Asks: 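Have a look at this one before I ask anything.
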Amino acid sequence: MAGRPRVAIWKFASCDGCQLTVLDCEDELLAIAGAVEIAYFPEASRTFGRGPYDISLVEGSITTPHDAERIHRIRRLSKVLIAIGACAASGGIQALRNRRDVAEFAAVVYAKPQYIETLAHSTAIADHVAVDFELRGCPISKAQLLAVITALLAGRAPAIPRHSVCLECKQRGLVCVLVAGGTACLGPITQAGCGAICPAFNRGCYACFGPAEAGNPASLIRRLRDLGVPDADILRALRTFNVNAEPFARAAQGLEGR
Amino acid sequence: MGTTRRTIKVDTLARVEGEGALYVRVTDGAVAEVRLKIYEPPRFFEAFLRGRRFTEAPDITARICGICPVAYQMSACQAMESAAGVTVDARIRALRRLLYLAEWIESHTLHIYMLHAPDFLGFPGVVEMAGAHPETVTRALRLKKVGNDLMAAIGGREIHPVNVRVGGFYRAPGRDELAPFAARLREAREIAVETVRWVAGFEFPAIERDYEFVALTHPDEYAILEGRLAGSRGLDIAVREYEQEFTEEQRPYSNALHSRRRSGESYLVGPLARYSLNFDRLTPLAQDAARRAGLGPVCRNPFRSIIVRAVELTHACDEALTLVQGYAPPDPPAVDVPARAGTGWGCTEAPRGILYHRYHLDAAGTILAAKIVPPTSQNQATIEDDLRDVVGASLDLPDDRLTWRCEQTVRNYDPCISCATHFLTVRVDRERPA
Amino acid sequence: MAAPAELIRPAGDPRIPRPFRVVGVRRETRDTRTLEAVTADGHPMPFAPGQFAMLYAFGVGEIPISISGDPADPSVLTHTVRAVGAVSGALCRLRRGDVFWARGPYGSSWPLDEAAGRDVVVVAGGIGLAPLRPLVLALLAGRERYARAWLLYGARTPEELLYRRELERWRARLDLAVEVTVDTAGTGWRGSVGVVTTLIPRAEFDPDRTAAFVVGPEVMMRFTVAALRKRGVPTDRIFLSLERNMHCGVGLCGRCQAGPVFVCRDGPVFPYAAVERIFAVREI
Amino acid sequence: MPDIIDRAGLEELLAVLIRRGYRVIGPTVRDGAIVCRQITSIGDLPEGWTEEQEAGNYRLRRRGDTALFGYTVGPTSWKPFLFPPSARVLHADRAADGTVTVRQSDEDPPPQAFFGVRACDLAAIGIQDRVFLAGAAADPVYRGRRAAAFIVAVQCTAAGPTCFCASMGTGPRAEHGFDLALTEVVDGGGSVFVVETGSERGAEVLAGVTNRAASADEAEAARDASARAAGQMRRTLATEGLKALLEAGYEHPRWDEVAARCLACANCTMVCPTCFCSAVEERTDLTGDHAERWRRWDSCFAAGFSYIHGGSVRASTRARYRQWLTHKLATWIDQFGTAGCVGCGRCITWCPVGIDLTEEVRAIRGGS
Ligand SMILES: Cc1cc2nc3c(=O)[nH]c(=O)nc-3n(C[C@H](O)[C@H](O)[C@H](O)COP(=O)(O)OP(=O)(O)OC[C@H]3O[C@@H](n4cnc5c(N)ncnc54)[C@H](O)[C@@H]3O)c2cc1C
Ligand code: SF4
Ligand code: SF4
Ligand code: SF4
């Protein structure tokens with residue numbers, strides 16, 4: 001990317017955690033601000049630089065008719081569009097609504113629902129526009145964010161592996177909590193990137209980075225059942241932060257179907 | 001001359017967590033309408049918490065807000081423990097408090113330096129401010145990093161920590177993992193004291209507001225994790241009585257609910273309230289820093305909340321240091337919390353004020369109903385009241401300055417809009433995106 | 001594995017890339033450039049035809065690229081690179097005077113000795129002509145040692161032909177039969193149209209005394225080998241060059257395995273007989 | 001004739017190594033398993049602990065005695081200490097005038113002593129020696145660490161349920177490749193250790209430790225203990241004709257069957273003491289003027305591993321599992337003159353779904 005690329009950071013339905021990760025790069029923040037022009041980042045500045053932008057980081061999922069239009073405008077203004085976080089990559093936890101039927105929703109209607117505009121589904125950015133890269137995680141990893149930024153600056157393809165959490169878990173020298181503790185761990189079907197934080201804290205991965213490439217949820221589910229994990233728990237585990245991600249959704253459906 | 005009409009519109013409120021807009025209408029020199037509009041899309045957490053297991057609430061509700069996930073985790077854990085009639089032991093409690101203080105350090109530093117100070121110094125944001133005040137910003141980043149690193153050491157990561165569970169923690173960090181923080185917290189404490197001095201030198205509009213402060217209060221400590229709910233007009237209730245005293249209402253222009261006293265008044269939660277109600281339970285160092293900054297034991301100027309935040313920051317570093325020095329890993333790291341039918345309440349002091357959770361559980365531990373009231377919805381009415389006063393007192397300012405002043409008024413609250421919009425349950429449009 | 005005729009190993013530490021200064025850039029096609037470079041630190045890279053080097057673009061990465069220059073002139077390091085991704089793209093953007101880094105040469109080479117006294121058939125598809133060019137140059141330089149010689153070259157379109165000027169020069173020679181074909185062409189093209197394998201039955205080599213050298217996409221090699229075998233060329237005298245993912249180039253990273261072989265170390269040039277099995281198994 | 005040291009002697013041995021500047025890596029209990037980490041006293045050793053292992057299962061158990069080495073193998077081998085999970089292999093820096101200098105990274109850690117290396121793991125180190133050192137280009141990261149490493153082997157006196165080293169001809173007795181080898185003889189009051197010396201360096205170290213010569217009976221007892229371990233071993237892998245079998249079995253239906261169970265999670269390759277595949281990745285800082293190339297463990301179970309322009313060569317889990325197993329047991333022999341499996345059983349125990357390669361081989365044999 002020649003010159004100082006202009007970066008914009010956008011928000012859709014989300015918790016702000018992924019964009020906060022930018023401000024959490026304490027050691028690198030000033031260097032980032034030197035290497036790129038942070039042209040649009042409302043969470044951090046009153047200056048709203050107009051497009052076009054070289055890089056857009058997009059947080060959050062699409063949940064309103066207005067947002068469904070806004071994302072197209074952002075795509076037009078952006079050379080490279082990067083979806084950041086589980087919300088942007090798969091619809092996030094708010095995609096839990098997708099599974100509720102509308103009647104059920106109507107039954108819990110709030111006082112004056114007519115004031116609120118919302119879509120029936122929470123969907124990933126890639127369901128609406130072309131996405132150039134995707135950073136997974138709820139929230140994204142600081143290291144991966146920096147890896148993408150430095151890669152784009154240097155003109156290389158970011159090294160964001162799509163393999164399982166297990167690789168990172170073992171590279172970190174952790175003891176497998178599933179094998180040594182009988183703890184339900186979704187690491188084998190979850191994409192790496194977090195650094196295997198949960199096993200490091202003696203807990204099973206709960207799949208906040210979404211499905212790994214070539215994962216085999218059906219096989220893992222069989223194993224979890226053998227460990228005595230109730231189907232209802234397995235279902236909920238698959239239907240949390242990446243409920244809308246296809247491999248998880250399919251596996252959950254399969255489990256429910258039997 | 002006929003009617004003069006002046007409107008202040010801020011379509012995208014900057015340096016707040018989430019998406020909000022501001023609308024003020026002044027007719028004939030008087031403030032006619034003030035709207036803090038929160039258009040952050042609602043995310044329906046209360047709806048989809050129903051049917052989940054009680055053990056899932058800390059992880060799920062954390063996702064309401066990436067700025068204060070620990071607050072959500074703590075309120076959720078305590079609510080579930082209260083439903084089960086379980087209390088955690090002192091070591092778990094101490095580690096929770098340490099984690100919470102780490103979040104305070106991170107969040108307060110973020111707000112003071114990155115979101116709020118630029119208003120006082122006339123910069124659009126922290127990056128621009130770093131150009132003129134590089135050492136200040138570097139210092140802030142160091143301080144913020146201590147909070148973040150401590151959160152990561154205890155919780156696994158800074159945002160949405162993974163180590164918190166109902167009953168305690170999945171794994172207690174070893175002494176050796178936390179010991180290195182002593183030196184860093186000592187430095188952080190110095191930076192915090194320096195921060196109080198620095199922000200005390202800003203210029204503040206002379207505004208005093210007659211708030212009703214509401215905060216947790218605890219006999220032995222600056223209340224964060226637990227306590228009774230106290231108010232500056234005599235409120236003194238247990239957490240479980242919250243809904244008898246407070247209520248929420250919906251406004252047509254906003255995706256966030258407004259909380260009020262049942263009597264209809266607005267009230268204020270957050271640093272000013274905590275400080276004014278609990279001043280004498282700040283550590284001596286923090287009290288001293290406050291006095292030196294010219295603060296009395298009560299502060300009613302919303303713009304001075306930045307000083308109060310810095311005082312709380314000092315307290316947080318100071319107390320975190322004590323906790324790190326006295327740290328003994330809880331063993332086991334969590335107490336057993338059985339599933340039990342009933343209702344649980346939890347309320348803790350998020351950096352922005354009290355965060356209330358209530359859950360109904362069935363005998364299997366399934367959540368039947370959930371209610372979550374974050375600080376920003378509680379302050380929303382007060383923010384609008386503040387705006388009315390501030391605009392009224394600043395009508396001589398030109399539009400651009402007045403706009404900025406209005407924004408600053410909102411930012412006094414460090415409003416977390418992501419929090420404020422988590423819970424509406426609403427009509428659903430049947431259209432589907434392509 | 002048949003031992004390569006000539007094994008040239010890197011001088012000095014084989015893992016440290018050395019600087020080369022670009023002295024010429026030729027635009028071959030829309031996305032392909034030929035870089036000519038000379039050593040910038042006094043260590044040129046002599047090589048044998050068929051060998052490759054690991055080219056490093058600062059800040060971007062390192063990839064295997066065949067050496068496509070004249071083995072008789074080791075002072076110039078020549079590569080023909082097709083821009084398909086980040087590193088190849090960065091290499092294709094180099095200008096005269098720029099420096100890139102290279103380590104090598106690595107791998108086996110074309111066993112030209114096997115062809116001595118025999119008919120020689122060189123079959124190239126697309127960018128596959130790059131690793132064969134040094135072979136053709138060596139062949140022409142020692143032309144008297146071989147019997148008849150063919151270069152059969154196929155590309156998708158006329159615009160995607162490499163080394164067009166040189167092809168013309170070679171075509172003009174009486175001692176090398178050059179046949180070029182393209183998959184599709186516009187009206188301007190007067191050559192043949194069709195896949196490269198269609199050229200094989202037409203070339204009048206004597207299968208019993210022929211050595212064949214083949215590089216191209218894996219499907220193209222599959223069909224070419226089939227056509228050559230149909231003509232009766234024995235599998236141990238058909239040689240080809242394999243492509244696999246490579247990160248180290250020296251047999252340590254494990255990525256370039258194809259069944260029993262490390263392509264970087266045992267190849268990239270193999271007699272077909274040695275890799276017949278690899279071609280027979282999908283996803284090996 | 002070997003020597004005998006007692007527990008105090010063992011502590012002395014550790015002290016001598018530390019005094020000589022070694023970072024001693026040994027077995028210790030952590031997070032529910034016996035893992036290899038830095039140790040500083042024999043108090044760190046897993047006294048009285050053993051484990052239960054089965055395909056996909058591992059649990060620590062109390063032995064009821066005070067044995068220090070009364071377990072078999074845990075999840076970590078010595079691989080991470082010789083072939084680190086990630087290592088910088090190259091630096092490149094661009095100066096203000098645009099010139100770039102490229103340097104190899106050569107930061108060797110302090111010399112390491114491995115305390116408690118089993119025969120299978122010793123064989124695994126021997127295999128990695130062939131991979132990393134025998135070729136035309138020895139790996140500098142491995143070379144430096146390997147040359148400095150001091151090896152204290154521990155002879156197995158019991159076999160674990162997933163062990164099959166006897167089938168692979170790598171154990172249970174370590175005959176060479178160590179500096180010192182211990183056989184723990186547990187009696188009521190504590191253990192004594194029969195020490196074999198395998199190198200001059202070993203002898204030098206042992207000279208600094210209180211010891212006495214073993215009697216013929218004691219030496220015999222130590223040998224018997226190893227023989228017992230061999231006798232106990234229940235898992236087997238028939239290697240006879242295996243290479244040819246696998247070479248002919250690329251299309252065996254069993255690959256589809258195992259692919260239905262395999263998670264492609266790569267745990268087996270991570271815990272395997274011989275697996276050596278890696279990726280090398282470019283990293284730059286925010287100025288773009290400093291680049292580094294980092295090598296990290298990779299796995300044939302990852303899609304990116306076989307990626308070439310246009311897609312992965314081994315796109316299916318079937319192909320990836322097949323690559324792994326045939327590499328271990330057949331093509332490794334073509335490449336390095338030895339099988340790539342030492343029979344430690346880690347891939348069986350640590351597979352989250354308990355896939356057992358000995359079982360897979362049996363199935364392929366049976367069905368062909
Ligand atoms: C022995 C050998 C000789 C080659 N000779 C030439 C040549 O003369 N001219 C030419 O244009 N190309 C040649 N190639 C192919 C060239 O190496 C790839 O096109 C190149 O690696 C693509 O890298 P990239 O970063 O530009 O693209 P990307 O597709 O972005 O590559 C990303 C990563 O994938 C891997 N990768 C992708 N494709 C390949 C590949 N085909 N081979 C190995 N690794 C790959 C690399 O690790 C690379 O870093 C040769 C390949 C081999 C193995
Ligand atoms: S992906 Fe998770 S962390 Fe990121 S914005 Fe969404 S809820 Fe927050
Ligand atoms: S703990 Fe989880 S992530 Fe780690 S190896 Fe085991 S299954 Fe994989
Ligand atoms: S281990 Fe799993 S759940 Fe935990 S942080 Fe990593 S991806 Fe998320």
Side-chain angles (χ1 to χ4, degrees), chain A residues 11-18 20-21 23-24 26-27 29-30 33 38 42-48 62-65 67-68 93-94 96-97 100 102 105-106 108-121 123 127-128 138-139 194 197-198 200-203 206 233 236 240-241, chain B residues 12-19 40-44 47-48 52-53 56 59-60 63-67 69 110 114-115 124-128 130 137-138 141-142 144-145 148 156-160 162-163 165 170-171 250-253 255 407 418 424-434:
Chain A
K11 176 182 161 67
F12 290 86
S14 67
C15 80
D16 272 38
C18 289
L20 181 66
T21 306
L23 296 176
D24 274 356
E26 287 100 2
D27 291 336
L29 187 63
L30 297 180
I38 302 178
E43 184 163 305
S45 176
R46 296 179 87 226
T47 311
F48 304 133
I62 304 299
T63 60
T64 68
D67 282 351
I93 184 157
Q94 54 274 19
L96 278 169
R97 73 169 79 177
R100 296 280 172 91
V102 181
F105 242 76
V108 288
V109 160
Y110 208 74
K112 296 160 186 162
Q114 62 275 20
Y115 297 159
I116 310 290
E117 257 199 312
T118 188
L119 296 170
H121 289 239
T123 43
D127 292 341
H128 299 261
C138 183
C194 68
I197 304 174
C198 292
F201 281 84
N202 195 26
R203 128 174 236 196
Y206 56 85
D233 287 9
R236 277 197 300 264
T240 312
F241 302 110
Chain B
T12 302
L13 266 173
R15 285 188 268 120
V16 299
E17 290 99 8
E19 300 197 292
E40 167 101 15
R43 289 167 76 214
F44 312 113
F48 53 67
R52 306 295 297 209
R53 257 183 88 72
E56 294 183 286
D59 285 326
I60 291 181
R63 267 62 183 191
I64 292 172
C65 176
I67 324 293
L110 173 76
M114 300 183 149
L115 310 183
V126 68
V127 168
E128 296 85 346
V137 173
T138 311
L141 290 170
R142 244 197 345 268
K144 185 167 173 301
K145 189 171 159 65
N148 263 340
R157 63 181 165 198
E158 303 85 339
I159 301 168
H160 306 330
V162 304
N163 195 18
R165 66 186 301 177
Y170 287 92
R171 176 172 82 76
Q250 202 183 358
R251 293 289 164 86
Y253 52 82
N255 288 354
E407 287 183 45
S418 323
L424 285 184
T425 309
V426 293
R427 173 176 63 88
V428 172
D429 282 342
R430 278 162 200 279
E431 113 185 56
R432 274 163 183 266

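The figures here come from the full heavy-atom set of this structure, side chains too, leaving out hydrogens, waters and symmetry mates. Since the model is a prediction, treat every value here as computed from it, not as a measurement.
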Asks: Closest approach of Tyr170(B) and Phe201(A), non-hydrogen atoms and distance?
Replies: CB-O, 3.1 Å

Asks: Nearest heavy-atom pair of Asp233(A) and Arg53(B): which atoms, and what distance?
Replies: OD1-CD, 3.9 Å

Asks: What's the spacing between Ile159(B) CD1 and Asp24(A) CG if we round to 0.5 Å?
Replies: 4.5 Å

Asks: Does any heavy atom of chain A fall under 4.5 Å from the side chain of Arg165(B), the backbone, both, or neither of them?
Replies: neither

Asks: Any idea which heavy atoms bring Leu141(B) and Glu26(A) closest together, and the distance?
Replies: O-CG, 3.4 Å

Asks: Nearest 0.5 Å please: distance from the CG atom of Leu115(B) over to the CG atom of Leu23(A).
Replies: 7.5 Å

Asks: Looking at Arg142(B), Arg52(B), Glu158(B), Glu128(B), which has the largest count of heavy-atom pairs under 4.5 Å with chain A?
Replies: Arg52(B)

Asks: What closest approach, in Å, do Gly156(B) and Ile197(A) show between heavy atoms, and which atom pair accounts for it?
Replies: O-CG2, 3.4 Å

Asks: Taking all non-hydrogen atoms of both residues into account, name the closest pair between Cys138(A) and Arg157(B) and its distance.
Replies: O-NH2, 3.1 Å

Asks: Please check if the side chain of Arg171(B) supplies one atom and the backbone of Ala200(A) the other of a donor-acceptor pair under 3.5 Å.
Replies: yes

Asks: Using non-hydrogen atoms only, which part of Leu29(A) is less than 4.5 Å away from chain B: side chain, backbone, both, or neither?
Replies: side chain

Asks: Among the options Thr138(B), Val127(B), Asn163(B), pick out the one with the most heavy-atom pairs lying under 4.5 Å from chain A.
Replies: Asn163(B)

Asks: Examine the side chains of Arg63(B) and Ser14(A) and answer whether a donor and an acceptor come within less than 3.5 Å of each other.
Replies: no

Asks: Which heavy atom in His160(B) sits nearest to a heavy atom in Tyr206(A), and how many Å separate them?
Replies: O-OH, 4.2 Å

Asks: Evaluate the criterion salt bridge (charged side-chain N to carboxylate O under 4.0 Å, His left out) for residue pair Glu56(B) and Arg236(A); output intermediate values, then yes/no.
Replies: CA-CA 9 Å; Glu56(B) 294 183 286; Arg236(A) 277 197 300 264; 3.1 Å; yes

